[in-house]
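All values below were derived from every heavy atom in this structure, side-chain atoms included, with hydrogens, water molecules and symmetry-related copies excluded. Since the model is a prediction, treat every value here as computed from it, not as a measurement. Naming convention: chains lettered A, B, ... in sequence-line order (proteins, then strands); numbering from 1 in each chain.
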Number of protein chains: 2
Amino acid sequence: MRSRADNSLAERKRQLVADELRDAALMLLATKGFDLVTVDDIVAAAGMSRRTFFRYFASKEDVVVRFLADTSADIITELAARPPAEPPSVALRHALWVPLAACNDHPEHSERARVVVRLILDTPALHARWLERQIEWRTELAAELANRRRLDPHTDPYPRMAAGMALLALDTVLQRWQPGDDEQHLAELMDQAFAVVAPALDAPAASPAAG
Amino acid sequence: MRSRADNSLAERKRQLVADELRDAALMLLATKGFDLVTVDDIVAAAGMSRRTFFRYFASKEDVVVRFLADTSADIITELAARPPAEPPSVALRHALWVPLAACNDHPEHSERARVVVRLILDTPALHARWLERQIEWRTELAAELANRRRLDPHTDPYPRMAAGMALLALDTVLQRWQPGDDEQHLAELMDQAFAVVAPALDAPAASPAAG
DNA sequence: CTATCGGTGGCACTGGGTGTCAAGTAGTGC
DNA sequence: GCACTACTTGACACCCAGTGCCACCGATAG
């Protein structure tokens, strides 16, 4: 029995089909708008059947959101790899930078990523799915933060809120991402966003009975 | 021509129909789960036609989310009514308390609100719509915060992020809302959540060139 | 050559959501 | 009583997203 994650011929063929569908979908959706493109339009452009599309993507939203989410899955492992003594704001800033750095590695990929970000932020249905995905990251980041500070994630609100603030910073950067921005400008936006939340991220542990 | 917001007989009849649909929907959805109940089930329980349901609610999600969102619409006016000299953390805490206070005014309403909150947090589709609604509040809160501090919301990330942190605090409270909690316990949760974000909310204005 | 296995397409079906139209129900003026 | 108007409702047809099912096809193993 072959694993699903190996590099066999079958697996590469699957990846090829997925890429073809994704490219056709992103091209159509970005140009014509999300709700003006049907799945039939996408599969017609990709030369495949409607049924095949749903074997590779759970929904029409999924093909868009996953394009960004896949590159963002490494933020948790990056946070876990940061030195334990590092202040939370610094560790989180490095972790959240991973997906942006991945985008900037290839300029043409970066440009398409920016267009997809715009599409997501401007389409309510996509924005909702995007936030839904962020909820998962928030939970995982919170678990890692709780582990770092030896806090109980069920009684202490800090880990979950710190993770939420970090993702809020990412959201702010994406919101302000302009067409001409290079990697350095993106880094500046990131620094500005984290400068806002850093006082809360790095604040000493609050007294539990603050009421 | 009559206004849509007046208290005419026709308007009260409309409200009656909307309440009937909402009650039937919430009862079914909360007990059987969101995706195990069809719109046909709801309208059958309410004794109305499928078409009528969609005249009163934009979607199956809408009937659930609006139940909470309607009581939460006043947070912006409350923020605008707070004294200008008040620190952002205090003003926002008071604004975000409005919907929770509205819930606690009537215990039986509060109990149903808690059940609906659970339903939303546990149903991905509903959670996504809920966050989507929060984005609107964030934008309005950000505008009000920018107005308070004489900041340009297009160049300064603070207003939008401060609004996001406040909503993050609300989310944290809702997440930790337990069956037996009275108003005082809810206030404590709120204080704990705002204690985490307060250092960022009330931090002095950062230098624009923080990169 | 055949059995099997993974991928594919066709097809029917459920369910959310919309446009349209005929019918019913008030209120108003005559 | 009658016509006119405004508003609401239900029924029907329709579009589209998403799923279950089955037949088919190509590659590979025996």
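When the C1' atom of D:dC14 is taken as reference, atom CG of A:Asp40 falls 15 Å away, rounded to whole Å. In this structure, the CG atom of A:Asp35 is 12 Å from the P atom of D:dC16, given to the nearest Å. If you measure from atom CZ of B:Phe34 to atom P of C:dG15, you get 14 Å, rounded to the nearest angstrom. Atom CG of A:Leu36 and atom P of D:dC16 are 11 Å apart (whole Å). For the pair B:Phe54 CZ and D:dT9 P, the interatomic distance rounds to 15 Å; values are reported in whole Å. Rounded to an integer number of Å, the gap from B:Arg51 CZ to C:dG17 P is 12 Å. Remark: P of C:dT20 and CZ of B:Arg55 are 13 Å apart, rounded to the nearest angstrom. A straight line from NZ of B:Lys13 to C1' of C:dG24 spans 11 Å, rounded to a whole angstrom.
One finds a side-chain N or O of B:Thr52 lying less than 4.0 angstrom from the OP1 or OP2 phosphate oxygen of D:dG10. Between A:Arg50 and C:dG10 there is no side-chain N or O to OP1 or OP2 distance below 4.0 Å. Close to C:dG7, at under 4.0 Å from its OP1 or OP2, lies no side-chain N or O of A:Tyr56.
Each of A:Lys60 and B:Ser49 has a nearest nucleotide on DNA chain D; the 5'-most of these lies closest to B:Ser49. Two residues, B:Ser59 and A:Gly47, neighbour DNA chain C, and the one matched to the more 5' nucleotide by heavy-atom proximity is A:Gly47.
Listed nucleotides C:dG9, D:dT8, D:dA17 differ in distance to A:Thr38; the shortest reach to its side chain belongs to D:dA17.
B:Asp41 is not listed as a side-chain neighbour of B:Leu36, based on a closest heavy-atom distance of 4.5 Å or more.
Taking the ring centroids of A:Phe67 and A:His109, they lie under the 6.0 Å cut-off.
Within the 4.0 angstrom heavy-atom criterion, only backbone atoms of the sugar-phosphate kind lie near B:Val37; the bases stay farther away.
Each of A:Leu121, A:Val65, A:Val64 was checked for a side-chain contact (heavy atoms from CB on, under 4.5 Å) with A:Val116, and the lone residue meeting it is A:Val64.
Using a 4.0 Å cut-off between charged nitrogen and carboxylate oxygen, A:Asp23 and A:Arg112 count as a salt-bridge pair.
In this structure, A:Arg93 forms a cation-pi arrangement with A:Trp97, its terminal cationic atom sitting closer than 6.0 Å to the ring centre and no more than 45° off the ring axis.
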